[in-house]
2 protein chains.
Amino acid sequence: MVTSFNINEFVDDFKNCCNKVQKKSFNRDETITSYIRNRNQFCILVCGNADLVRYDLNGNKTIIEHFTNNDVFGEVFYSITINNELFVEAKSKCDVLIYNYYDIHTKCTKNCKFHQTLSEYLPELILNKITDLNTRVELLTKRTIRDKLLGYFNLLSTKTFNKTFKIPFSLTDLADYLSVDRSAMMRELKLLKDENFIDKNGKEITLLYK
Amino acid sequence: MVTSFNINEFVDDFKNCCNKVQKKSFNRDETITSYIRNRNQFCILVCGNADLVRYDLNGNKTIIEHFTNNDVFGEVFYSITINNELFVEAKSKCDVLIYNYYDIHTKCTKNCKFHQTLSEYLPELILNKITDLNTRVELLTKRTIRDKLLGYFNLLSTKTFNKTFKIPFSLTDLADYLSVDRSAMMRELKLLKDENFIDKNGKEITLLYK
DNA sequence: ACATTTTTGTTGCGATTGCAACAAAAAACA
DNA sequence: TGTTTTTTGTTGCAATCGCAACAAAAATGT
């Protein structure tokens with residue numbers, strides 16, 4: 001599925017919209033929201049980058065999800081949390097639309113264009129989210145760091161139709177995304193290079209096999 | 001969110017429904033569907049148990065998802081696959097509804113009760129799926145077998161409002177779900193018991209901490 | 001332009017994990 | 001009921017991984 005929808009193009013219609021939607025801006029390192037039980041909060045990231053992070057009892061930070069333009073998030077997707085120390089943190093300046101999930105389905109009284117466009121494309125946004133989650137699960141179920149890296153690289157290669165591509169975030173964040181130790185991942189990247197599976201210049205990777 | 005909807009109660013209305021829906025039955029070990037690109041297939045498991053499995057190049061089998069009653073699946077959720085050797089296999093007798101995803105949104109010509117009920121509860125089914133995936137991701141991101149087990153046990157304890165509960169599938173499948181080696185998981189279960197974190201009788205677990 | 005913070009790159013070492021192989025128990029089947 | 005298959009339980013060993021600690025490079029802020 002190709003995403004034909006970009007919410008940023010429609011966000012100006014928001015000005016004439018009924019008031020159930022809140023639009024908020026956040027700066028880097030600000031907390032966009034936290035996941036507490038049963039508020040049914042539903043958010044769309046119009047622009048910017050943000051992470052869903054967990055802090056465990058030892059203070060270790062894990063990036064559970066990484067959000068970019070058009071991504072949907074919020075506790076409505078997380079009704080039963082394993083632990084409730086979940087925060088969405090802005091990694092850059094972010095514009096966010098915040099709803100109550102059930103307000104999306106009740107028809108807008110003003111019948112405004114914004115709501116109309118949104119409800120038309122909402123299923124697509126949600127399908128994208130599910131696809132992202134499935135991809136993440138498929139990578140995380142791989143047992144070795146090598147398989148995780150190669151799986152991820154194959155994905156990027158398929159997406160860009162190219163054997164050469166750039167890792168779209170820092171290697172530190174990649175380790176987090178694949179849920180492995182960063183230094184162990186660096187070691188494995190070096191081995192993959194030494195064994196001629198890949199070529200690597202900084203964040204630019206070239207697949208050498210097949 | 002509590003699921004108030006059970007598709008099995010409405011499946012009889014299916015008989016008077018327009019013919020865009022296919023209802024099929026499968027026996028244990030039959031392949032329900034495979035994930036190939038771009039067919040936009042969307043399925044609902046009415047009853048039974050099924051697994052989404054991957055066979056890698058070495059022939060190793062991984063259970064990527066486990067489906068039970070009311071679960072939705074299909075390649076519409078998997079538009080970009082890392083590799084395309086994905087199959088949905090029936091683990092017991094299964095009744096499955098099969099659509100093209102885009103047919104769900106086009107209004108049924110007969111305006112039948114079945115389609116009406118379905119489109120009303122579809123968002124709930126999809127939210128459940130996202131919640132399941134998020135839960136899975138949160139467990140898979142934990143770094144040690146111990147943390148994965150305790151995370152999963154906490155989840156079951158929260159769900160059942162009880163310190164004592166039964167693991168709802170075989171320990172072999174649990175290892176697959178947590179994506180760890182079964183024997184290593186058994187070893188860790190024994191250690192958790194020896195160190196008095198849990199009590200264990202077969203598949204019945206009691207949490208002893210807090 | 002300089003100072004500060006973040007990211008990248010590297011390595012030794014010990015802990016955890018996966019693999020292999022097996023026996024016993026339980027479940028499924030005929 | 002008896003047979004076959006699946007699941008559970010266990011252990012030694014080797015491979016992999018995470019942790020800690022550090023230096024260099026790059027990015028960021030003033």
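Quick note: numbers below take in every heavy atom, side chains included, and nothing from hydrogens, waters or symmetry partners. Source: prediction; values computed, not measured. Residue numbering restarts at 1 for every chain, and letters A, B, ... go by the order of the sequence lines.
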Colleague: Nearest nucleotide by nearest heavy atom, which residue falls closer to the 5' end of DNA chain D, B:Arg28 or B:Asn201?
Modeller: B:Arg28
Colleague: Kindly assign one of parallel, tilted or perpendicular to the pair B:Phe153 and B:Phe165, based on the angle between their ring planes and the thresholds 30° and 60°.
Modeller: tilted
Colleague: Atom NZ of B:Lys148 to atom C1' of C:dG18: distance rounded to whole Å?
Modeller: 12 Å
Colleague: Taking atom P of C:dA25 as reference, at what distance in whole Å does atom CE of B:Met186 sit?
Modeller: 14 Å
Colleague: Under a 4.0 Å N-O cut-off, is there an ion pair linking A:Arg146 with A:Glu195?
Modeller: yes
Colleague: State, to 0.1 Å, how close A:Ser157 and A:Lys163 come at their nearest heavy-atom pair, and which atoms those are.
Modeller: OG-CA, 4.0 Å
Colleague: To the nearest 10 degrees, how far apart in direction are the end axes of the helix from C:dA1-D:dT30 to C:dA30-D:dT1, each fit to five base pairs?
Modeller: 80°
Colleague: Should A:Glu124 and A:Lys129 count as an ion pair when the cut-off is N to O under 4.0 Å?
Modeller: no
Colleague: Over how many whole Å does the gap from A:Ile63 atom CD1 to C:dT6 atom P extend?
Modeller: 14 Å
Colleague: Apply ring-ring contact (aromatic ring centres under 6.0 Å, His included) to the pair A:His66 and A:Tyr177, showing each step before the final yes or no.
Modeller: CA-CA 8 Å; A:His66 182 74; A:Tyr177 177 77; 8.4 Å; no
Colleague: Between the side chains of B:Thr164 and B:Thr206, does any donor sit under 3.5 Å from an acceptor?
Modeller: yes
Colleague: Taking the side chain as C-beta and beyond, is there a heavy-atom pair between A:Phe73 and A:Tyr35 under 4.5 Å?
Modeller: yes
Colleague: Taking only N and O in the side chain of A:Lys190, is any of them less than 4.0 Å away from OP1 or OP2 of C:dT11?
Modeller: yes
Colleague: Please check if any side-chain donor atom of A:Asn49 sits under 3.5 Å from a side-chain acceptor atom of A:Thr68, or the reverse.
Modeller: no
Colleague: Rounded to whole Å, please give me the gap between CG in B:Leu189 and C1' in D:dT8.
Modeller: 11 Å
Colleague: Would one find more than 12 heavy atoms of other residues, nucleotides or ligands at under 6.0 Å from atom NZ of A:Lys93?
Modeller: yes
Colleague: Please report the distance, rounded to the nearest Å, between CG in A:Asp176 and C1' in D:dC19.
Modeller: 15 Å
Colleague: Tell me what A:Lys203 touches on the nucleic acid: a base, only sugar-phosphate, or nothing, going by heavy atoms under 4.0 Å.
Modeller: sugar-phosphate
Colleague: What integer distance in Å separates A:Leu174:CG from C:dT7:P?
Modeller: 13 Å
Colleague: Report the distance from atom CG of B:Leu191 to atom P of C:dA15, rounded to the nearest whole Å.
Modeller: 14 Å
Colleague: Measuring to OP1 and OP2 of D:dT8, would you say a side-chain N or O of B:Lys200 lies under 4.0 angstrom away?
Modeller: no
Colleague: Return the 5'-most residue of the pair A:Arg182, A:Ser179 with respect to DNA chain D, ranking by each residue's nearest nucleotide.
Modeller: A:Ser179
Colleague: Could you tell me how far apart B:Asn27 (CG) and C:dA28 (C1') are, to the nearest whole angstrom?
Modeller: 16 Å
Colleague: Under 3.5 Å between N/O atoms: give me all the protein pairs with nucleotides 12-17 of chain D, atom names plus distance.
Modeller:
from: D:dG12; atom 1: O6; to: B:Arg187; atom 2: NH1; distance (Å): 3.3
from: D:dC17; atom 1: OP1; to: A:Ile145; atom 2: N; distance (Å): 2.7

Colleague: Would you indicate, yes or no, if D:dT8 has its OP1 or OP2 atom less than 4.0 angstrom from a side-chain nitrogen or oxygen of B:Thr172?
Modeller: yes
